[in-house]
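Counting starts at 1 for both ligands and their atoms, following the listed order.
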Amino acid sequence: MAKDPVRVLVTGAAGQIGYALVPMIARGIMLGADQPVILHMLDIPPAAEALNGVKMELVDAAFPLLKGVVATTDAVEACTGVNIAVMVGGFPRKEGMERKDVMSKNVSIYKSQAAALEQHAAPNCKVLVVANPANTNALILKEFAPSIPAKNITCLTRLDHNRALGQISERLNVPVSDVKNVIIWGNHSSTQYPDVNHATVKTPSGDKPVRELVKDDAWLNEEFITTVQQRGAAIIKARKLSSALSAASSACDHIRDWVLDTPEGTWVSMGVYSDGSYNVPAGLMYSFPVACKKGEWTIVQGLPIDEFSRKKMDATAEELSEEKSLAYSCLS
Ligand SMILES: NC(=O)c1ccc[n+]([C@@H]2O[C@H](COP(=O)([O-])OP(=O)(O)OC[C@H]3O[C@@H](n4cnc5c(N)ncnc54)[C@H](O)[C@@H]3O)[C@@H](O)[C@H]2O)c1
Ligand SMILES: O=C(O)C[C@H](O)C(=O)O
């Protein structure tokens, strides 16, 4: 029997990530090749005509899984009945800006959209915040939508996770699909800590630690980390626009694994509401290693943390605490 359609909201759908993301969702890349979808697309009035153009292209592409499209500038209409909300709408960082520079513009958007989601989304709606500052926007959304369970609100660090996999794959000249269990700790910013201490590569003689295969701790502890931390800025410098296709693809990976499970023995990175695991202060939206089963993520526990990692995990937590205070001061 055919499945009922799932309603997926994409905010900022007339923007660059939106343009890459909506066809991926309509093709089944996010929720599976047998899952019909109804797309809800929200943007602001100045982008209404462009949004309508995206809707026209979705119709023209004749996607078999796409059972309907709502394109609107009304947040209530956009949020009504949605099962999954991918929050991309906002103002992107431009060359020379840090993510905090876009804070005040974006947190107020997330405060008001929190209310629309809380009141109108389907029960148990899963939320992924992509727009920067992603962790802090997600935290504000959580704080201003108290009836949505905290575990349903997440932010995107899967792009950073995938970037880390990509760097290891290139360095070792192995397929990226053979590399697993990197971790992004903390903020989706230049203080994030990409950690390879538990990462492995599939080899003919079994899974081997990345450190053993790379045999260059200096590279892993310095250049690898800064390359991943600065990748967003490098893309902006090269394209004069922030990453879009990789962001859209990672957003699909994030939701797919959350809804359809992570493979056994594999974890991924997600920004989630901290419960104090790994001595990360509770109450921050912090990226952890998570495994997903039956639509629920859990933080992977018990990984040994060395002194080098501890310092980096604390530094990115510190930045998130500062962002949280700054966000509240922007809202007051
Ligand atoms: N977390 C990540 O890994 C990651 C990666 C790449 C980009 N980003 C962030 O994603 C966001 C979108 O990037 P983009 O390149 O698509 O930007 P973009 O400017 O091309 O698109 C953003 C869209 O949001 C719309 N928008 C603005 N305010 C809105 C509101 N209140 N409600 C609904 N829509 C609204 C704009 O009109 C625009 O169409 C940016 O904040 C960017 O920094 C995050
Ligand atoms: O770095 C940015 O501002 C864009 C985005 O968050 C990215 O990581 O590519």
Side-chain angles (χ1 to χ4, degrees), residues 9-22 40-54 71-79 85-117 127-138 140-141 154-164 166 184 186-192 194 227-255 269-271 285 287:
L9 167 66
V10 176
T11 72
Q16 309 191 73
I17 296 176
Y19 191 69
L21 179 59
V22 291
H40 288 220
M41 304 195 296
L42 175 70
D43 214 294
I44 49 176
E49 201 179 344
L51 186 67
N52 195 40
V54 177
T72 180
T73 57
D74 175 13
V76 171
E77 187 186 0
C79 292
V86 187
M87 312 298 286
V88 186
F91 292 86
R93 182 163 69 125
K94 302 273 164 57
E95 203 172 348
M97 290 166 84
E98 275 297 315
R99 287 185 183 83
K100 349 189 188 330
D101 300 332
V102 294
M103 170 85 69
S104 63
K105 284 178 186 291
N106 285 310
V107 288
S108 53
I109 297 175
Y110 281 80
K111 179 181 171 187
S112 70
Q113 292 183 353
L117 273 176
V127 182
L128 166 61
V129 177
V130 176
N132 283 316
N135 301 54
T136 299
N137 287 340
I140 293 302
L141 197 156
T154 64
C155 76
L156 188 71
T157 54
R158 182 62 175 269
L159 175 55
D160 310 287
H161 182 102
N162 288 348
R163 285 168 172 164
I184 303 299
N187 199 0
H188 172 67
S189 78
S190 52
T191 67
Q192 65 176 263
T227 300
V228 176
Q229 288 173 331
Q230 298 292 338
R231 191 68 158 187
I235 306 276
I236 294 172
K237 189 156 188 290
R239 278 183 13 98
K240 314 292 175 229
L241 287 169
S242 70
S243 61
L245 83 86
S246 54
S249 178
S250 307
C252 289
D253 289 344
H254 176 115
I255 298 286
S269 303
M270 278 168 67
M285 203 53 83
S287 178

Trainee: Is Arg163 in polar range of ligand 2, meaning some N or O pair under 3.5 Å apart?
Mentor: yes
Trainee: So between Ser243, Ala20, Ala248, whose heavy atom ends up nearest atom 6 (C) of ligand 1?
Mentor: Ser243
Trainee: Where is the nearest protein heavy atom to atom 29 (C) of ligand 1: which residue, which atom, and how far?
Mentor: Ile44 CG2, 3.5 Å
Trainee: Quick check: Gly90 and ligand 1, any N/O pair under 3.5 Å apart?
Mentor: yes
Trainee: Under 4.0 Å, heavy-atom basis, I'd like to know which part of Ala131 is in contact with ligand 1: side chain, backbone, both or neither.
Mentor: both
Trainee: Is ligand 2 under 4.0 Å from a heavy atom in the side chain of Ile235, in the backbone, in both, or in neither?
Mentor: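 It is neither; nothing of Ile235 touches ligand 2.
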Trainee: Going by heavy-atom distance to atom 5 (C) of ligand 2, choose the closest among His188, Gln230, Arg231.
Mentor: His188
Trainee: Go through ligand 1 atom by atom and flag the ones less than 4.0 Å from a non-hydrogen atom of Ala247.
Mentor: 5 (C), 6 (C)
Trainee: May I ask you to identify the nearest protein heavy atom to atom 41 (O) of ligand 1, giving residue, atom name and distance to one decimal place in Å?
Mentor: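 Result for atom 41 (O) of ligand 1: Asn132 N, 3.0 Å.
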Trainee: With rounding to the nearest 0.5 angstrom, report the NE2 to CD1 distance, His161 to Ile184.
Mentor: 7.5 Å
Trainee: Taking all atoms of both residues into account, what is the closest heavy-atom pair of Pro133 and Val102, and its distance?
Mentor: CD-CG2, 4.1 Å
Trainee: In ligand 2, which numbered atoms sit nearer than 4.0 Å to a non-hydrogen atom of Ser243?
Mentor: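 By the 4.0 Å cutoff, the relevant atoms are 7 (C), 9 (O).
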Trainee: Determine whether a donor-acceptor pair (N or O, by modelled atom type, separation under 3.5 Å) exists between the side chain of Asn106 and the backbone of Phe91.
Mentor: yes
Trainee: Between Thr154 (side chain) and Val127 (backbone), is there a donor-acceptor pair under 3.5 Å?
Mentor: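 Answer holds: yes.
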Trainee: Under 4.0 Å from a heavy atom of Ser242: give me the atoms of ligand 2 that qualify, with their elements.
Mentor: 4 (C)
Trainee: Would the distance check show the side chain of Arg231 and the main-chain N or O of Ala234 forming a donor-acceptor pair, the cut-off being under 3.5 Å?
Mentor: no
Trainee: What residue and heavy atom of the protein are closest to atom 31 (N) of ligand 1, and at what distance?
Mentor: Ile109 CG2, 3.4 Å
Trainee: Check whether any N or O atom of Gln16, backbone or side chain, sits under 3.5 Å from an N or O atom of ligand 1, and answer yes or no.
Mentor: yes
Trainee: For ligand 1, is there an N or O atom under 3.5 Å from any N or O atom of Val130?
Mentor: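 Yes, at least one N or O pair falls under 3.5 Å.
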Trainee: With a 3.5 Å distance limit and no angle check, can you tell me whether Gln229 reaches the backbone of Gln192 through a side-chain donor-acceptor pair?
Mentor: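 Confirmed, Gln229 side chain pairs with Gln192 backbone.
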Trainee: Checking the side chain of Asn137 only, and the main-chain atoms of Ala131 only, is there a donor and an acceptor separated by less than 3.5 Å?
Mentor: yes
Trainee: Would you mind listing which atoms of ligand 2 come within a distance below 4.0 Å of any non-hydrogen atom of Asn132?
Mentor: 2 (C), 3 (O), 4 (C), 5 (C), 6 (O)
Trainee: Between His188 and ligand 1, does any nitrogen or oxygen pair lie at a separation below 3.5 Å?
Mentor: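 Yes; at least one N/O pair falls below 3.5 Å.
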Trainee: Quick check on contacts: which atoms of ligand 1 are under 4.0 angstrom from a heavy atom of Gln113?
Mentor: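 Counting from 1, the qualifying ligand atoms are 30 (C), 31 (N), 32 (N), 33 (C).
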Trainee: Could you tell me whether a side-chain N or O of His188 sits under 3.5 Å from a main-chain N or O of Thr157, the two making a donor and an acceptor?
Mentor: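 Here the side-chain-to-backbone pair does not exist.
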Trainee: Hey, is the main chain of Arg158 close enough, under 3.5 Å, to the side chain of His254 for a donor-acceptor pair?
Mentor: no
Trainee: Quick one: which ligand 1 atoms are inside 4.0 Å of a heavy atom on Ala14?
Mentor: 39 (O)
Trainee: With a 4.0 Å cut-off on heavy atoms, does Ala244 reach ligand 1?
Mentor: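 For ligand 1, residue contact (heavy atoms, under 4.0 Å) with Ala244 is absent.
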Trainee: Search all heavy atoms of Ala248 against all heavy atoms of Leu21 and return the closest pair with its distance.
Mentor: O-CD1, 3.6 Å
Trainee: Using atom types as modelled and distance alone, determine if a side-chain donor or acceptor of Asp43 lies under 3.5 Å from a backbone N or O of Leu51.
Mentor: no
Trainee: What are the atoms of ligand 1, with element, lying closer than 4.0 Å to any heavy atom of Leu159?
Mentor: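 Ligand 1 atoms under the 4.0 Å threshold to Leu159: 3 (O), 5 (C).
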Trainee: Looking only at non-hydrogen atoms, find the nearest pair between Ile235 and Ser242 and report the distance.
Mentor: CG2-C, 4.3 Å
Trainee: Please confirm whether Arg158 comes under 4.0 Å of ligand 1, counting heavy atoms of the residue only.
Mentor: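 The answer is no, since Arg158 has no heavy atom less than 4.0 Å from ligand 1.
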Trainee: Examine distances only and state if a side-chain atom of Ser250 and a backbone atom of Ser246 form a donor-acceptor pair shorter than 3.5 Å.
Mentor: yes
Trainee: Among all protein non-hydrogen atoms, which one is nearest to atom 11 (C) of ligand 1, and what is the separation to 0.1 Å?
Mentor: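 Closest protein heavy atom to atom 11 (C) of ligand 1: Val88 O, 3.4 Å.
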Trainee: Let me confirm one number: the SG-CG distance from Cys252 to Leu128, rounded to the nearest 0.5 Å.
Mentor: 9.5 Å
Trainee: Suppose we measure from atom 17 (O) of ligand 1 to each protein heavy atom; which comes out shortest, and what is that distance?
Mentor: Pro92 CG, 3.5 Å
Trainee: Answer yes or no: does an N/O atom from Asp160 fall short of 3.5 Å to an N/O atom of ligand 1?
Mentor: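 Between Asp160 and ligand 1, no N or O pair is found under 3.5 Å apart.
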Trainee: Nearest to atom 36 (C) of ligand 1, what protein heavy atom do you find, and at what distance?
Mentor: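 Protein heavy atom at minimum distance: Asp43 OD1, 3.3 Å.
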Trainee: State the atoms of ligand 2, each with its element, that fall below the 4.0 Å cut-off from a heavy-atom position in Gly232.
Mentor: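 That gives atoms 1 (O), 7 (C), 8 (O), 9 (O) of ligand 2.
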Trainee: For residues Leu141 and Tyr110, report the shortest heavy-atom separation together with the two atoms involved.
Mentor: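 Scanning both residues, the minimum pair turns out to be CD1-CD2, 3.9 Å.
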Trainee: Could you pull out the closest heavy-atom pair between Thr72 and Glu77, with the gap in Å?
Mentor: OG1-OE1, 2.8 Å
Trainee: Mark up the atoms of ligand 2 that fall under 4.0 Å of a heavy atom belonging to Ile236, in ascending order.
Mentor: 2 (C), 3 (O)
Trainee: Among the heavy atoms of Phe91, does any lie under 4.0 Å from an atom of ligand 1?
Mentor: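 Heavy atoms of Phe91 do come under 4.0 Å of ligand 1.
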Trainee: What protein heavy atom is closest to atom 21 (O) of ligand 1, reported as residue, atom name and distance in Å?
Mentor: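 Here the nearest protein heavy atom works out to Gly15 CA, 3.3 Å.
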Trainee: May I ask you to identify the nearest protein heavy atom to atom 14 (P) of ligand 1, giving residue, atom name and distance to one decimal place in Å?
Mentor: Ile17 CG1, 3.9 Å
Trainee: Which heavy-atom pair separates Leu159 from Ser243 by the least distance, and what is that distance?
Mentor: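 Heavy-atom minimum between the residues: CD2-OG, 3.6 Å.
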Trainee: Do the side chain of Asn135 and the main chain of Gly186 share a donor and acceptor less than 3.5 angstrom apart?
Mentor: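 Flag set: sc Asn135 to bb Gly186 pair under 3.5 Å.
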Trainee: Does an N or O anywhere in Asp160 fall below 3.5 Å from an N or O of ligand 2?
Mentor: no
